[in-house]
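Each remark here refers to the structure printed beneath this line.
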Amino acid sequence: MKRVYLDYAATTPTHPDVLAEMQPYFFLKFGNPSSIHQFGQEAKAAIETAREKTAKLIGASADEIVFTSGGTESDNFAIEGIAFANEKKGKHIITSKIEHHAVSECCEFLAKRGFTITHIPVDKFGLVDPEDVKKTITDKTILISIMHANNEIGTIEPIAEIAGIAKEKGVYFHTDAVQTAGHIPINKLNADLISFSAHKFYGPKGIGALYIKKGTRMVSFLHGGAQEKNRRASTENVPGIVGMGKACELAQNDMAIEKETILRDKLIKGLFDQIPEIVLNGHPTLRLPNNVNISIKHIEGESILINLDLMGIAASSGSACTSGSLDPSHVLMAIGLAHEVAHGSLRLTLGKYTTDDDIIYLLETLPPIVKKLRAMSPLK
Amino acid sequence: MKRVYLDYAATTPTHPDVLAEMQPYFFLKFGNPSSIHQFGQEAKAAIETAREKTAKLIGASADEIVFTSGGTESDNFAIEGIAFANEKKGKHIITSKIEHHAVSECCEFLAKRGFTITHIPVDKFGLVDPEDVKKTITDKTILISIMHANNEIGTIEPIAEIAGIAKEKGVYFHTDAVQTAGHIPINKLNADLISFSAHKFYGPKGIGALYIKKGTRMVSFLHGGAQEKNRRASTENVPGIVGMGKACELAQNDMAIEKETILRDKLIKGLFDQIPEIVLNGHPTLRLPNNVNISIKHIEGESILINLDLMGIAASSGSACTSGSLDPSHVLMAIGLAHEVAHGSLRLTLGKYTTDDDIIYLLETLPPIVKKLRAMSPLK
Amino acid sequence: MAGPYSEKVMDHFMHPRNVGVIENPDGIGQVGNPVCGDIMKMYINVKDNVITDIKFQTFGCGAAISTSSMATEMIKGKSLNDALALTNKAVAEALGGLPAVKMHCSVLAEEAVKSAIDDYLKKTTGTGLPGFKPHEEPLEKHEH
Amino acid sequence: MAGPYSEKVMDHFMHPRNVGVIENPDGIGQVGNPVCGDIMKMYINVKDNVITDIKFQTFGCGAAISTSSMATEMIKGKSLNDALALTNKAVAEALGGLPAVKMHCSVLAEEAVKSAIDDYLKKTTGTGLPGFKPHEEPLEKHEH
Ligand SMILES: Cc1ncc(COP(=O)(O)O)c(C=O)c1O
Ligand SMILES: Cc1ncc(COP(=O)(O)O)c(C=O)c1O
């Protein structure tokens with residue numbers, strides 16, 4: 001059966017060149033980078049090269065990059081790292097209503113430990129208004145964390161402006177760039193902290209990075225050995241780090257923004273042409289080049305996904321049923337969707353290997369599924 | 001040049017069978033285990049199989065295993081997880097003076113946040129006396145964390161007894177089994193929490209596990225998505241987890257305890273036969289089968305290591321110079337070594353690929369190095 | 001697909017039995033609500049205390065659709081008493097089991113059946129099923 | 001080896017110049033201590049204000065040994081004044097640089113030289129080097 005993967009925002013395959021670069025570090029060059037001997041030093045050299053490549057992707061300097069186990073750790077590290085180091089100044093953190101759980105749940109954890117969290121709302125396109133951020137800052141505010149682009153609806157936030165406000169007010173600014181790194185250009189974004197995850201841009205799973213601007217006052221998250229210049233303990237995941245470096249290098253030379261934008265817009269047009277009563281979630285233009293998110297009224301997301309899957313198409317949904325919780329996606333609620341519309345959301349995210357044919361196949365396959373499910377539905 | 005690796009306690013090469021098992025999960029079966037579609041479900045199935053293999057190594061049930069990014073995260077997760085969930089009961093933690101930094105630095109972090117840490121001393125062999133633990137427990141004690149075997153001197157602690165005391169007093173017991181898992185049999189050890197790291201037993205770097213006994217009251221460490229049944233957020237490192245599972249399976253079928261013990265004792269005997277004025281650090285018999293740790297009086301560890309390295313031999317030392325700090329290993333100090341004796345320590349750790357020839361080569365190579373360095377030394 | 005569902009669930013999900021609407025039914029029941037993402041509506045015709053026909057419409061996930069389908073199949077042609085004896089567990093078992101997070105769907109299916117019978121009893125005897133109250137009231141009713 | 005040290009450091013470490021002891025030297029200096037893991041001892045002979053011979057013994061890491069070696073080489077045959085002008089930076093530079101965490105070894109080397117000259121001055125003039133005090137006193141002295 002044809003298999004069409006349209007869930008690149010969930011994860012991407014590790015690029016063969018990335019895997020090739022990682023291979024030697026499993027068996028031949030397996031040393032621990034902290035070891036003084038040859039085995040260790042060749043591993044150390046490899047991670048330092050990877051650090052330079054990673055830094056280059058965002059125009060940072062290599063010693064501002066700390067490798068982590070992924071986007072979640074980077075987010076947790078940034079937020080708890082700032083919170084625990086700066087709580088004498090204040091315990092107020094500003095974030096948005098559409099952050100990834102790696103940010104929002106971490107803030108939740110801090111809220112239980114005496115911190116106050118302000119959640120900035122978004123408009124119907126998912127945009128944060130920088131003015132709202134500005135108004136909320138107090139002299140107790142130590143951190144603002146607003147994501148670069150949303151993972152569900154693809155909306156790209158006005159990060160430069162928010163970062164400017166944070167700077168002006170002397171508040172640290174973190175942005176979760178997990179969905180943008182490797183996909184659209186990032187140039188430090190004027191942020192103090194930026195989170196990345198390699199598996200979102202053809203690197204391996206289980207490795208990420210945190211950009212920490214020189215001079216940022218924070219504590220470490222993983223406590224132990226002196227790795228990563230005392231900023232992140234634990235034996236380095238050498239193959240993972242090498243893979244992340246390679247993925248950054250590949251991304252820098254080959255962001256498929258135009259190609260993806262064309263396919264994305266073709267897909268959106270096709271969906272609107274062929275399926276009545278759908279809505280586009282997210283911003284029409286301030287949007288990740290690979291993200292399509294629609295709500296298909298009167299039917300529920302998981303049912304759509306399973307039907308698509310049986311036809312070989314992989315997609316995702318903000319429906320509660322796909323997350324194991326009972327509530328639909330907080331992002332779709334934050335942009336003001338009615339519950340049943342939120343439950344009917346379908347996210348299609350494109351990538352390096354997406355072809356015209358894949359889009360055509362989806363546009364052939366989805367409409368009859370929608371028709372069938374709508375025929376079963378009590379809603380109209 | 002001959003290359004002889006005698007630093008298996010620092011890290012091990014990823015076994016070729018482990019790597020082979022991981023391969024398909026980079027590109028072909030690259031899905032995100034949280035995804036409902038085929039790509040996701042095949043990844044999910046793979047991690048559940050790996051979970052069973054990992055659980056089997058320690059006689060646990062699969063749902064008591066949570067995968068982490070390594071030994072350090074497992075240790076931090078165990079300690080902070082218990083601390084933050086049980087601080088209403090009390091803020092007292094008992095640990096030993098010879099724990100790995102992943103435990104001791106994490107306790108340090110908690111000490112800054114209002115917890116009280118008791119560090120149990122050890123005898124000259126590095127043994128914790130269970131009676132000392134017992135005497136220190138108060139009604140405010142919420143956690144006892146004592147490592148299974150020490151990574152530097154190889155001493156195996158009386159964990160079963162300490163766990164028994166903890167149980168009797170209703171205090172959670174954690175043990176860092178990073179150096180024992182896959183090397184000597186572990187059968188839950190009566191502990192509530194056990195830390196592992198795959199790269200210490202021929203699995204990949206950047207992956208570990210925490211055994212969490214059913215019913216243990218703790219908070220999660222990485223906050224975010226619902227992965228690992230809400231116990232550890234972040235997209236699962238699928239190839240890493242699969243590799244860890246395979247490494248556990250291989251270890252279970254092939255612990256080379258006898259072979260390693262014979263080589264170890266041959267090495268110790270050879271060292272004592274050929275080099276005057278050395279001491280064995282750690283316990284003569286309650287000792288990891290692959291660990292040799294000696295102090296070579298009047299000379300310093302890093303000098304020895306570099307000389308060995310130039311002859312192709314990889315080893316390690318508890319000398320300050322090898323860690324970037326100014327103090328020698330806290331473990332060697334805890335067993336009562338004088339500073340200059342601690343600085344002259346040499347750790348040789350054996351593994352799957354260590355041969356008789358390697359031992360012979362070391363025993364030929366080391367004595368002239370010692371002689372040369374002693375000739376340069378002002379100490380006598 | 002090696003997904004979360006058993007083969008039986010998938011069969012009923014992809015080929016649901018008794019989907020649709022009965023015009024002028026003897027009883028209609030609707031349970032669930034848009035907040036939780038599952039709405040089930042059941043239509044029954046009853047003759048001599050026997051359910052002679054039953055149809056359903058469901059907005060919801062795979063489990064919601066297949067439990068609806070299975071429930072209708074299990075009570076079609078049965079007496080009202082037999083139908084009232086249908087438990088959510090029986091529905092789940094008949095489907096070869098459901099993932100734990102989906103058990104609530106089988107509860108909805110049981111309640112949809114009861115709700116339709118309740119409606120029939122109200123219309124015919126003036127009083128409904130004694131003590132019946134579905135877990136959550138639907139936010140909006142699509143009554144004919 | 002692609003280790004932490006430059007080629008020059010490795011050369012002096014593996015082939016240290018002026019290792020050993022001078023019997024009945026004109027001056028002896030010892031700096032460092034076992035706590036930090038580096039002990040340097042230097043022996044000098046002086047004639048007409050010129051260091052005619054110099055030897056060292058060092059307990060310590062690669063950087064400690066190579067800075068000792070380089071320092072002795074740099075001042076052998078030099079006047080006392082020139083020797084006193086030797087800075088730790090000059091030693092490190094002559095070695096093609098040292099890792100940041102090892103810079104303290106070059107400080108010890110500078111101090112070992114000064115300490116030996118201090119000892120010489122004390123023995124000959126009765127007063128040592130004005131203001132000289134090494135960073136840390138050795139815990140034990142191995143004086144002849
Ligand atoms: C915006 C965003 N932040 C954080 C994460 C977490 O990254 P990871 O799963 O690699 O920990 C993800 C993806 O899961 C994401 O999309
Ligand atoms: C006893 C012990 N605990 C914890 C760790 C930390 O493990 P990792 O480096 O995989 O985080 C190590 C090794 O580094 C260890 O030997």
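Note on naming: letters A, B, ... go to the chains in the order of the sequence lines (proteins, then strands), and numbering restarts at 1 for each one. Hydrogens, waters and symmetry mates play no part in the numbers below; they use all other heavy atoms, side chains included.
Residue B:Ile207 holds its CD1 atom at 8.5 Å from CG of A:Asn237, rounded to the nearest 0.5 Å. We find the OG1-CZ distance between A:Thr12 and B:Phe27 to be 10.0 Å, quoted to the nearest 0.5 Å. With rounding to the nearest 0.5 Å, the separation of CG in A:Leu310 from NE2 in B:His37 is 13.0 Å.
No more than 12 heavy atoms of other residues, nucleotides or ligands sit less than 6.0 Å from atom NZ of A:Lys88. No more than 12 heavy atoms of other residues, nucleotides or ligands sit less than 6.0 Å from atom NZ of A:Lys229.
Proximity to chain B is limited to the side chain of A:Tyr353, based on heavy atoms less than 4.5 angstrom apart. Only the side chain of A:Phe109 comes within less than 4.5 Å of a heavy atom in chain B; its backbone stays farther off. Both the backbone and the side chain of A:Phe221 come within less than 4.5 Å of a heavy atom in chain B. For A:Phe84, the parts lying under 4.5 angstrom from a heavy atom of chain B are both the backbone and the side chain. In this structure, no portion of B:Gln227 lies under 4.5 Å from any heavy atom of chain A.
At distances below 3.5 Å, at least one donor-acceptor pair connects side-chain atoms of A:Asp309 with backbone N or O atoms of B:Gln38. When atom types are taken as modelled, the side chain of A:Lys205 and the backbone of B:Tyr25 share no donor-acceptor pair closer than 3.5 angstrom. Remark: side-chain polar atoms of A:Asn32 are not paired, donor with acceptor, to backbone N or O of B:Thr11 under 3.5 angstrom.
For the set A:Ile241, A:Val103, A:Leu222, the entry with the most heavy-atom pairs within less than 4.5 Å of chain B is A:Leu222. With respect to chain B, the highest number of heavy-atom pairs below 4.5 Å among A:Lys112, A:Glu105, A:Glu236, A:Glu99 belongs to A:Glu105. Between chain B and the options A:His100, A:Glu108, A:Gln23, heavy-atom pairs under 4.5 Å are most frequent for A:Gln23. Comparing A:Gly70, A:Ala233, A:Gly208 by how many heavy-atom pairs each has under 4.5 Å with chain B, the most go to A:Ala233. Interface check for chain A: of the options B:Ser220, B:Ala315, B:Cys107, B:Gly225, the most heavy-atom pairs under 4.5 Å are formed by B:Ala315.
In this structure, the side chains of B:Phe26 and A:Leu19 come closer than 4.5 Å at one or more pairs of heavy atoms. Between A:Glu80 and B:His223, the closest side-chain pair of non-hydrogen atoms falls below 4.5 Å.
When all heavy atoms are compared, the tightest approach of A:Ala314 to B:Phe39 is CB-CD1, 3.6 Å. Nearest approach of A:Asp7 to B:Ser35, heavy atoms of both residues: OD2-OG, 3.4 Å.
Comment: B:Arg3 engages A:Glu42 in a salt bridge, judged by a side-chain N to carboxylate O separation of less than 4.0 angstrom.
Under the side chain to side chain donor-acceptor pair (under 3.5 Å) criterion, A:Ser69 pairs with A:Glu73, B:Arg232, sequence neighbours left out.
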